[in-house]
Amino acid sequence: MAIRSLSLLLCLLIISPYAWADAVDVRIGVLAKRGYEKSHQRWDATAAYLSEQLPEYNFTIIPMSFDDIPIIVKNRLVDFVIVNSGIYVDLSVSYGARRILTLVNELSSEYGSSKFGSVIFTLAGNTEINNLADLKNHRVAAVHPTSLGGWNMAQRELMSADLDRWDFASLMFLNTHDAVVNAILERKADAGVVRTDTLERMSNEGLLEIADLRVLSPKQFSQFPYLISTPLYPEWPLAMLSHTPLELARKVAITLLSMPTDHPAISNARILGWTIPENYQPVDDLLRLLSLPPYDMQIDEKFFKSLMQHWYWYLLTLIVLLSIAILSFRIIRLNRSLSEHKTTLELSREAQLATFEKAAVGLAHVTPSGRFLQMNQKLCDIISLDKQQLQDINLKDILFGNDLPTCIKAIDQLCKNKLTSTSLQLRINCSNGQRKWIQLSLSTKPDANNEVDYLVAVIDDIDQYKKLEAQSHLAQQQKELILNIAGDGIIGLDSEARYTFVNPAAAQLLGYEAEEMIGEESRSLGNHTGGQNIDTISGQSAILDVLRSGETRHGERDTIWDKNGNPLQIEYTSTPIMKGDMVDGAVIILHALTTDQPQSESPQAAP
């Protein structure tokens with residue numbers, strides 16, 4: 001509504017006073033009770049008649065909505081107004097408007113009336129509403145709070161029936177009389193209020209059937225044929241405003257009074273003409289009774305009356321205000337608590353940033369595409385680049401080419417939520433030309449939609465460890481090579497005399513595969529006794545005595561048995577493996593003797 005009013009003001013202000021070189025522009029504001037288009041259809045012929053009869057003036061019709069009228073009149077954007085009687089009384093007190101004529105409404109082709117009223121109606125088939133008292137708890141539609149025929153007249157009758165607007169289920173103002181009627185026909189409201197002649201005019205236009213509607217509290221007046229629910233009040237006046245020249249007002253009044261009854265302006269306006277001003281005191285009295293502008297009650301009187309009538313609403317409002325006050329107090333306390341938490345969070349963030357920056361490993365936030373968002377100084381030291389250089393490149397740019405697919409696959413699995421974290425050992429190309437091993441640990445930081453916002457990367461320099469690992473691996477390979485090519489059998493035992501290591505020479509000597517000996521008891525090395533093919537360690541074996549004594553033993557000739565139970569003459573050396581003061585195992589070197597050996601009892605084959 002405010003936008004429409006502003007647009008109307010702008011349109012009126014930009015009309016040039018020199019649009020007609022030989023005529024003075026005169027604007028007539030008309031209340032658009034049925035819409036702007038119908039106002040032009042009804043009153044443009046009247047403006048044309050005045051322009052024709054008074055050629056020194058050019059008359060223009062300006063349709064006005066209810067809310068536009070005070071703005072337009074206050075800013076002197078019109079010179080005359082044709083409005084309902086209630087609005088005229090308000091304008092006369094507030095802005096000095098003066099009535100010069102009253103229109104004579106067409107009642108029939110033979111006679112008219114300079115008075116009108118209001119009709120309260122519902123659908124004919126609505127059995128719930130039979131009189132005004134039945135309107136309680138029902139939906140009511142009216143035109144506007146300042147519409148005399150479309151609300152104020154009916155308001156007085158509702159007061160007489162002990163009804164107030166708060167008694168309705170809802171009260172809606174629809175701005176035009178047609179909209180009110182349509183709301184009833186479409187069952188958007190249960191009862192409506194419009195000025196008299198509205199229903200008849202819409203019926204003549206084919207917009208409704210009178211038989212479909214029923215009037216509440218109907219009244220009858222002599223020589224007034226329209227449906228009506230209220231007393232009659234003076235019809236709309238034509239009023240001049242305080243700035244309108246008296247001579248112009250006199251000429252307009254004389255011209256309209258002398259308008260021929262067969263002129264198109266008469267038929268278009270659906271009136272029988274104009275008459276001398278009516279007495280608007282009844283309207284004045286009505287506005288005073290209803291405390292409507294310009295006779296609003298004093299604030300203290302109005303408040304007291306409202307308090308007495310609607311004390312329960314005031315009590316509810318007080319309860320709501322107290323609830324709001326309590327809620328506000330809680331919100332203040334909550335804000336104070338939030339402020340304290342904010343301070344704590346800021347301190348925590350500062351601590352986190354300090355931890356981030358001073359960490360002993362490289363830390364970074366990386367986008368799923370590999371771009372560095374944030375990094376600490378340690379990461380710069382590892383990669384040999386400063387922070388600006390890192391922000392200008394991609395994680396993938398510094399990875400060794402052979403390791404790049406592994407990294408890309410891991411990031412893809414993280415972004416698809418197949419993994420929440422992963423750790424990789426990769427090689428990077430440093431800016432100083434070196435290639436370095438790093439331990440890259442990646443985890444995801446999800447956003448509000450559980451999508452990956454960024455990756456948290458922890459990068460540790462493991463180059464020295466990898467070099468030591470490579471050296472250890474090389475030494476192990478060399479050790480295994482030496483053991484594998486050694487001509488003598490070499491066996492490793494744990495503290496329970498179980499095989500932990502067997503070189504190929506020892507396995508071949510005993511007739512086993514090395515794999516089947518690992519973890520088995522070393523029965524072949526003990527002095528075996530017993531019958532029924534069940535062998536036990538006698539505990540007197542000089543070879544295994546090293547596990548008990550912890551002393552190195554050497555024997556130039558001893559007997560052991562191979563897998564098939566054949567005795568073998570060997571030379572041996574048993575060396576203990578010490579863990580502190582405890583024997584943790586032994587290393588035994590076996591050298592096969594080639595001289596003939598005496599036969600010996602053969603135990604069951606067992607490693």
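In what follows, residues are counted from 1 in the order of the sequence shown.
- A side-chain donor-acceptor contact under 3.5 Å links E278 and S114.
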request  = Given salt bridge (charged side-chain N to carboxylate O under 4.0 Å, His left out), test R195 with D197 step by step and report yes or no.
outcome  = CA-CA 6 Å; R195 67 160 280 157; D197 81 9; 3.5 Å; yes

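- A salt bridge links R139 with D190; the closest basic N to acidic carboxylate O contact falls under 4.0 Å.
- Under the 4.5 Å side-chain criterion, counting only non-hydrogen atoms from C-beta, V193 is not in contact with V143.
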message = Go through it in stages, so that I can follow the logic: the residues are N204 and E200, the test is side chain to side chain donor-acceptor pair (under 3.5 Å), and I'd like the CA-CA distance, side-chain angles, deciding distance and then a yes or no.
response = CA-CA 6 Å; N204 293 337; E200 288 80 3; over 6 Å; no

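- Between the CD1 atom in I62 and the CD1 atom in I69 there is a gap of 13.0 Å [rounded to 0.5 Å].
- By the 6.0 Å contact criterion, CD on Q41 is enclosed, its count of non-hydrogen atoms from other residues, nucleotides or ligands being greater than 12.
- In this structure, NZ on K74 lies 14.5 Å from CG on L241, to the nearest 0.5 angstrom.
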task = Dump the intermediate steps for side chain to side chain contact (heavy atoms under 4.5 Å, CB included) on K33 and W236, then the final yes or no.
result = CA-CA 12 Å; K33 66 180 179 118; W236 290 18; 3.6 Å; yes

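- To the nearest 0.5 angstrom, L174 atom CG is 11.0 Å from H144 atom NE2.
- Under the 3.5 Å distance criterion, the side-chain polar atoms of S323 are matched with a main-chain donor or acceptor of I319.
- Other residues, nucleotides and ligands contribute at most 12 non-hydrogen atoms within 6.0 Å of the CD atom of Q220.
- In summary, K219 and E157 engage in a salt bridge, as defined by a charged side-chain N under 4.0 Å from a carboxylate O.
- A donor-acceptor pair is defined here as one N or O able to donate and one able to accept, closer than 3.5 Å; such a pair exists between the side chain of T196 and the backbone of G117.
- Within 6.0 Å of CD on E186 lie more than 12 heavy atoms contributed by other residues, nucleotides or ligands.
- In summary, the aromatic rings of F356 and H365 are positioned with their centroids under 6.0 Å apart.
- Contact detail for T146 and I87: the closest heavy-atom pair is O-CG1, 3.6 Å.
- Contact check for S337 versus R333: no side-chain heavy atoms found under the 4.5 Å cut-off.
- Between the side chains of T102 and Y280, at least one donor N or O lies within less than 3.5 Å of an accepting N or O.
- When all heavy atoms are compared, the tightest approach of Y233 to R156 is OH-NH1, 3.2 Å.
- Between the side chain of N75 and the main chain of I72, no donor-acceptor pair closer than 3.5 Å is present.
- Side-chain N/O atoms of Y57 and D25 include no donor and acceptor closer than 3.5 Å.
- With a 6.0 Å radius and a threshold of 12 heavy atoms from other residues, nucleotides or ligands, K445 has its NZ atom above the threshold.
- Counting heavy atoms from C-beta on, the side chains of V104 and L272 come closer than 4.5 Å.
- T244 is listed as a side-chain neighbour of F80, based on a closest heavy-atom distance under 4.5 Å.
- A distance of 6.0 Å separates CG of L135 from CG of L216, quoted to the nearest 0.5 Å.
- Here the shortest heavy-atom pairing between P237 and R99 reads CB-CB, 4.1 Å.
- Crowding of H341 atom NE2: a count of heavy atoms from other residues, nucleotides or ligands under 6.0 Å not exceeding 12.
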task = Might you work through the side chain to side chain contact (heavy atoms under 4.5 Å, CB included) test for I184 and F121, ending with a clear yes or no?
result = CA-CA 9 Å; I184 304 304; F121 65 100; 3.7 Å; yes

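- Counting only distance, with no hydrogens or angles, the side chain of D79 and the backbone of V26 share no donor-acceptor pair below 3.5 Å.
- In the model, D285 has a side-chain atom that pairs as donor or acceptor with a side-chain atom of Q281 under 3.5 Å.
- A 4.5 Å side-chain heavy-atom check between I276 and L101 finds every atom pair outside the cut-off.
- Aromatic pair H263/Y49: ring centres closer than 6.0 Å.
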task = Could you walk me through whether Y226 and F224 pass ring-ring contact (aromatic ring centres under 6.0 Å, His included), step by step?
result = CA-CA 6 Å; Y226 295 132; F224 192 85; 5.7 Å; yes

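- Using a 4.5 Å cut-off on side-chain heavy atoms (C-beta onward), V366 and R371 make no contact.
- Between W313 and W166, the angle of the ring planes lies from 30° to 60°, which puts this pair in the tilted group.
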key: K136/L163 under side chain to side chain contact (heavy atoms under 4.5 Å, CB included): CA gap, chis, key distance, verdict   = CA-CA 7 Å; K136 189 172 183 178; L163 287 176; 4.1 Å; yes

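- The closest side-chain heavy-atom distance from H310 to Y312 is below 4.5 Å.
- Inter-residue side-chain proximity for L54 and F59 is flagged as met; some heavy-atom pair is nearer than 4.5 Å.
- Ion pairing between a basic and an acidic side chain is recognised when a charged N comes within 4.0 Å of a carboxylate O; E56 and K251 show such pairing.
- In this structure, E205 pairs ionically with K38, as a charged nitrogen and a carboxylate oxygen lie closer than 4.0 Å.
- Of all the heavy atoms in S147 and N84, the pair that sits closest is CA-ND2, 3.6 Å.
- Looking at T198, its side chain never comes within 3.5 Å of a backbone N or O of V194 through a donor-acceptor pair.
- Judged purely by atom type and a 3.5 angstrom limit, T230 uses its side chain to pair as donor or acceptor with the backbone of S118.
- One finds the CG atom of L31 at 8.5 Å from the OG atom of S65 (value rounded to the nearest 0.5 Å).
- A donor-acceptor distance shorter than 3.5 angstrom exists from the side chain of R214 to the backbone of N126, with no hydrogens or angles considered.
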request  = Take L238 and L103 through the side chain to side chain contact (heavy atoms under 4.5 Å, CB included) test and state the conclusion after the steps.
outcome  = CA-CA 7 Å; L238 170 64; L103 69 81; over 6 Å; no

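- Atom-to-atom distance recorded for L290:CG and W151:CH2 is 9.5 Å, nearest 0.5 angstrom.
- Judged purely by atom type and a 3.5 angstrom limit, S85 uses its side chain to pair as donor or acceptor with the backbone of E235.
- Here the shortest heavy-atom pairing between V452 and P368 reads CG1-CG, 4.0 Å.
- Residues A32 and S39 come closest through the heavy atom pair CA-OG, 3.1 Å.
- Side-chain N or O atoms of D447 include none that pairs as donor or acceptor with a backbone N or O of D453 at under 3.5 Å.
- The backbone N or O of L50 sits nowhere less than 3.5 Å from a side-chain atom of T255 that would complete a donor-acceptor pair.
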